[in-house]
A.B. asks: 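Have a look at this one before I ask anything.
Keep in mind the model is a prediction, meaning the values are calculated, not measured.
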Amino acid sequence: MTVLVIQPSNISPLGDLETYIVEGEIPYKSIQIERGDALPTSDAGFTALIVLGGEMSVNDAALYPFIESTEQLIRMFHEKSKPILGICLGGQMIASAFSAAITRMPTKEFGLTLIHKASIAQSDPLFFDLPKRMKFMQYHEDVFSLPTEAVQLCRGDVCEQQAFRIGSNTYALQFHPEVNARIASEWVEHFGQQNPRVEKIDDSELEEAQSWAAHLFRRWLTLV
């Protein structure tokens, strides 16, 4: 029961998600792209797939060969009904694997922003009892379109597409529920080099986001 974790960028680690993987005593294998780790060529030996975020664009697949390889793995896992969770770039790769367009926003979305739960999410196994409005951490410039096969679960005020599900256990998120205080602080410092007006993340709002994230992660891990 080993989960394959693909981490495209050092700046987007597992964060709090690792806490719940360890809590559930679930074995996992981490492939860190920036470290030069090689991706497996198939889903053999793995029961589920997690694809994390990164600063590269899905539309730059020619520059980053791992993107096409990851999309192939996404299709393999999905065809065998193995659970998939994609976060930010990972969610965009899921969308792209199902032929949905990935486009560039006018400006980056950064910080704790409000997302709205779709009515159909009331019956979703992950989102059913979460609030209708929640704040989660964001750090992205590209955004996915909704694949034909997908059900929209959340939308945002700045970025419309925030979460979708394909089938029963393939989930794509644009927001970052895995972010903890350490990651948030690193992102503020990193993004602040590009935008001096970036503000410190509110600790209480981040803690609330982490509490909702705990529900999402623990429930997704029951699918594994």
A.B. asks: Any sub-3.5 Å donor-acceptor pair from D16's side-chain atoms to A214's backbone N or O?
C.D. replies: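 Looks like no, no N/O pair under 3.5 Å.
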A.B. asks: With side-chain hydrogen bond (donor to acceptor under 3.5 Å, both in side chains) as the test, would you mind laying out the steps for T19 and E23 before giving the verdict?
C.D. replies: CA-CA 6 Å; T19 300; E23 175 187 88; over 6 Å; no
A.B. asks: Are the side chain of S96 and the backbone of Q92 linked by a donor-acceptor contact shorter than 3.5 Å?
C.D. replies: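 No.
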A.B. asks: Any salt bridge linking R182 with E186? Criterion: basic side-chain nitrogen under 4.0 Å from a carboxylate oxygen.
C.D. replies: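 Result for this pair is yes, salt bridge flagged.
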A.B. asks: If you link ILVMFWY side chains whenever their heavy atoms are less than 4.5 Å apart, which other residues fall into the same cluster as V158? By chain and number, please.
C.D. replies: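 Under the 4.5 Å side-chain rule, V158 groups with M105, V143.
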A.B. asks: Does any donor atom in the side chain of Q152 or Q162 lie under 3.5 Å from an acceptor atom in the other side chain?
C.D. replies: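 Not at all, the side chains of Q152 and Q162 share no donor-acceptor pair under 3.5 Å.
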A.B. asks: Would K117 and Q122 satisfy side-chain hydrogen bond (donor to acceptor under 3.5 Å, both in side chains), going step by step from the backbone distance to the final call?
C.D. replies: CA-CA 8 Å; K117 194 170 73 171; Q122 291 294 111; 2.7 Å; yes
A.B. asks: According to the interplanar angle, ranging from 0 to 90°, do the rings of Y139 and W187 count as parallel (below 30°), tilted (30 to 60°) or perpendicular (above 60°)?
C.D. replies: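 Perpendicular.
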A.B. asks: With no hydrogens and no angle check, is any side-chain donor or acceptor of S211 less than 3.5 Å from a backbone partner on E208?
C.D. replies: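 Present.
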A.B. asks: Looking only at side-chain N and O atoms, does H190 offer a donor or acceptor that is under 3.5 Å from a partner on E55?
C.D. replies: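 Judged by distance alone, the side chains do pair up.
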A.B. asks: For residues 1-14, which side-chain donor-acceptor pairs fall under 3.5 Å, sequence neighbours excluded?
C.D. replies:
| unit_1 | atom_1 | unit_2 | atom_2 | d |
| --- | --- | --- | --- | --- |
| Q7 | NE2 | S9 | O | 3.1 |
| S9 | OG | I11 | N | 3.3 |
| N10 | ND2 | E34 | OE1 | 2.9 |

A.B. asks: Would you find more than 12 non-hydrogen atoms of other residues, nucleotides or ligands less than 6.0 Å from E68 atom CD?
C.D. replies: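 Open: at most 12 neighbouring heavy atoms sit under 6.0 Å from CD of E68.
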A.B. asks: Tell me, please, which residues at least two apart from K82 pass salt bridge (Lys or Arg N to Asp or Glu O under 4.0 Å).
C.D. replies: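 Partners of K82 by the salt bridge (Lys or Arg N to Asp or Glu O under 4.0 Å) criterion, ordered by chain and then number, come out as D43.
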A.B. asks: List the steps and the verdict of side-chain contact (heavy atoms from CB on, under 4.5 Å) for F66 and M93.
C.D. replies: CA-CA 11 Å; F66 82 90; M93 283 194 271; 4.1 Å; yes
A.B. asks: Are there over 12 heavy-atom neighbours, none belonging to L39, within less than 6.0 Å of that residue's CG?
C.D. replies: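 More than 12 within 6.0 Å, yes.
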A.B. asks: Would a distance-only check, ignoring hydrogens and angles, find a side-chain to backbone donor-acceptor pair under 3.5 Å from H176 to E178?
C.D. replies: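 No.
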A.B. asks: Is it true that E205 and K135 have a side-chain N and a carboxylate O under 4.0 angstrom from each other?
C.D. replies: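 Yes, this pair counts.
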A.B. asks: Quick one about H215 and D129 (side-chain donor to acceptor, distance below 3.5 Å, no hydrogens or angles considered), yes or no?
C.D. replies: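 Short answer, no.
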A.B. asks: Salt bridge check, R219 against D124: does any charged N sit closer than 4.0 Å to a carboxylate O?
C.D. replies: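 No.
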A.B. asks: Counting only N and O atoms by type, is there a donor-acceptor contact under 3.5 Å from the side chain of R165 to the main-chain atoms of G167?
C.D. replies: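 Yes.
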